[in-house]
Amino acid sequence: MPLNAKETALLDIFLRRPNVLHASESLWAAAWREDADGWYHTLDSRISALRSKLGSVWGRRLVCQKGQGYNSIGP
């Protein structure tokens, strides 16, 4: 299943800087570049969809650090 524009932007961020904790606010600002109410739910939803599209092996590499953000575990 193809990635949409936001999922592609998020994946690019994770691939460029693996093993780095990305604050949720930073991910939102980089991929959406706009303010919105309820943005955290939108971000979580897009990352969940990205995990699903990447499959069980690669999707598990996107890890949530509750209350802090997300990181990608490199090979």
> Can you check side-chain contact (heavy atoms from CB on, under 4.5 Å) on Tyr70 and Val20, steps first, answer last?
Replying inline: CA-CA 8 Å; Tyr70 294 86; Val20 171; over 6 Å; no
> Do Leu54 and Leu62 pass the side-chain contact (heavy atoms from CB on, under 4.5 Å) test, and can you show the C-alpha distance, the side-chain angles, and the key distance before you say yes or no?
Replying inline: CA-CA 10 Å; Leu54 291 175; Leu62 299 180; 4.1 Å; yes
>> Show, in sequence, the C-alpha distance, side-chain angles and deciding distance for Trp39 and Glu25, and conclude whether the side-chain contact (heavy atoms from CB on, under 4.5 Å) test is met.
In response: CA-CA 9 Å; Trp39 66 266; Glu25 295 85 358; 3.8 Å; yes
> Are Glu7 and Leu11 close enough, and set up right, to give a side-chain contact (heavy atoms from CB on, under 4.5 Å), and what steps lead you there?
Replying inline: CA-CA 6 Å; Glu7 294 160 351; Leu11 181 59; over 6 Å; no
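With contacts defined as side-chain heavy-atom distances shorter than 4.5 Å, the pair Trp28/Leu10 does not qualify.
Not a single donor-acceptor pair under 3.5 Å links the side chain of Arg51 to the backbone N or O of Arg60. Put simply, the side chain of His22 never gets that close to the backbone of Ser72: no donor and acceptor are under 3.5 Å apart. Side-chain atoms of Lys6 do not come within 3.5 Å of backbone N or O of Arg46 as any donor-acceptor pair.
Distance check: Thr42 OG1 to Asp37 CG gives 10.0 Å after rounding to the nearest 0.5 Å. Considering OG of Ser56 and CZ of Arg61, their distance stands at 11.5 Å, rounded to 0.5 Å. Residue Ser48 holds its OG atom at 11.0 Å from NZ of Lys53, rounded to the nearest 0.5 Å.
For Phe14 against Ile47, the heavy-atom pair with the smallest separation is CZ-CD1, 4.3 Å. The minimum heavy-atom distance between Ala9 and Ala31, with the atom names listed, is CB-CB, 4.1 Å. Of all heavy-atom pairs between Ile73 and Asn19, the closest is CA-OD1, 3.6 Å. Contact record, Ile13 with Ala30: CD1-CB, 3.6 Å, taken as the closest heavy-atom pair.
A continuous path of Ile, Leu, Val, Met, Phe, Trp and Tyr side chains, each step under 4.5 Å between heavy atoms, connects Leu15 with Leu43, placing both in one hydrophobic cluster.
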